[in-house]
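Counting starts at 1 for both ligands and their atoms, in listed order.
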Amino acid sequence: MTQLSPIDLRSDTVTQPDEAMRIAMSAAEVADDVIDHDPTMRALEERVAELLGVDAALWVPSGTMGNLIALMIHLRRGDRFLAPVGAHVLDAELGSGAWLAGGMPQALEWDAAPGRASAQAIRAAAGTEGPYYDLRTTLLCLENTHNYAGGTVTQPDEHAMLVSVAKETGLRVHLDGARLWNAAVALGVPPAALTVGVDSVQVCLSKGLGAPVGSVVAGSPTFVAEARRTRKMLGGGVRQGGVLAAAGLVGLDRIDDLAQDHANARTLADGLVELGWTVPTPETNIVLAEVPDLEVTLTGLRHLGVYAGPMGGKLRFVTHRDVTEADIKETLRRISSAS
Ligand SMILES: *Cc1c(COP(=O)(O)O)cnc(C)c1O
């Protein structure tokens, strides 16, 4: 039997920087960003701030560090923070919200929609100002799209409503927008329509946009000045980072390409449903499938040269810029021929 060429759908982080990106990286104008400011990093930060409709932004090596910096700034030790069940800040950052930011996490049930809590749930969890011995709840973390729920999208009006409830109850708001670009493309709105009212937001350049490294954390100039200090403290001060920021700038030119990833995810989900699988229609680039035995299915797929991953007891396929429509059809052909 000939070896089938692998189709890697484990994550939208597996992409290879292409030639245009590598050329931009090699040509980047750079300087020491720790001492002063690297010009390419500065250009990237200004462009992201504008796209997000906020005043300032800071490049960080990873989304995890971007989220951690925001939590460290927003939380005092012992403060409780709220986030929907399965949020990346709760489950996928090694407890750093507690360990390093000193916060006490509380997960909010998805009582509004997959990946989303309702206004009532936020109000109830935030509580009201109580006696001096009360626990303080000070921060709401939102996630758009919500990864664990299957890349689900929060609309601008729902986002604005949740933020206003948070403000009424005295909470700050951090938006984990690792895949905010996907949400914006899926809705056909500018990314800035999805950040209204937040105190900070984190976006990834290393997922759908295909950069090898990097995220951006953004907010007010005061927030970003503090974020810069915190980044340095965490060892995230990068010297000639323009080489990396240049890749991010190329990625930002490709936001609209995410529509193809979303179409591919839909093709995959529809094809799997035709084969009798249980798969909800994806809103963006993440397809979650319920299978009777996850390990058996993962191994079976691997033998077919189809790489998927586990996510909360389900099978997760993620489409990205290195898989084509033809690859998706080939994926379905392989699965169909094996079943
Ligand atoms: C990937 C991801 C992150 C973290 O990004 P890294 O760059 O991998 O650290 C944060 N939040 C969400 C929702 C993510 O999917």
Please state which protein non-hydrogen atom is closest to [atom] and give its distance, to 0.1 Å?
atom	result
atom 11 (N) of ligand 1	Asp176 OD2, 2.6 Å
atom 7 (O) of ligand 1	Gly63 N, 2.8 Å
atom 10 (C) of ligand 1	His88 ND1, 3.3 Å

Shared hydrophobic cluster for Met41 and Leu52 (ILVMFWY, side-chain gaps under 4.5 Å):
yes
Honestly curious: do Phe317 and Leu275 fall in one hydrophobic cluster under the side-chain, below-4.5 Å linking rule?
yes
Give the contacting part of [X] toward ligand 1: side chain, backbone, both or neither, where contact means a heavy-atom distance below 4.0 Å.
X	answer
His146	neither
Ser62	both
Cys204	side chain
Thr13	neither

Test of proximity, [X] against ligand 1: N or O pairs below 3.5 Å:
X	answer
Arg179	yes
Thr64	yes
Gln202	no
Lys207	yes

Donor-acceptor contact present, side-chain Glu93 to main-chain Gly97, <3.5 Å:
no
Looking at Asp261, is its backbone amide N or carbonyl O close enough to the side chain of Asn264 to form a donor-acceptor pair, meaning the two atoms are under 3.5 Å apart?
no
Identify, by atom number and element, the atoms of ligand 1 in contact range of [X], meaning under 4.0 Å from any of its heavy atoms.
X	value
Glu93	10 (C)
Asn67	10 (C), 11 (N)
Glu143	13 (C)

Ion pair Asp327/Arg334, N-O distance below 4.0 Å
no
If you measure from CG on Leu4 to CZ on Arg302, what distance do you get to the nearest 0.5 Å?
13.5 Å
Angle between ring planes, Tyr148 versus Trp110, binned at 30° and 60°: parallel, tilted or perpendicular?
perpendicular
Under the side-chain contact (heavy atoms from CB on, under 4.5 Å) test against Thr331, which residue among Leu304, Val306, Thr267 passes?
Val306
Verify whether one side chain among His262 and Asn182 offers a donor that lies under 3.5 Å from an acceptor in the other.
yes
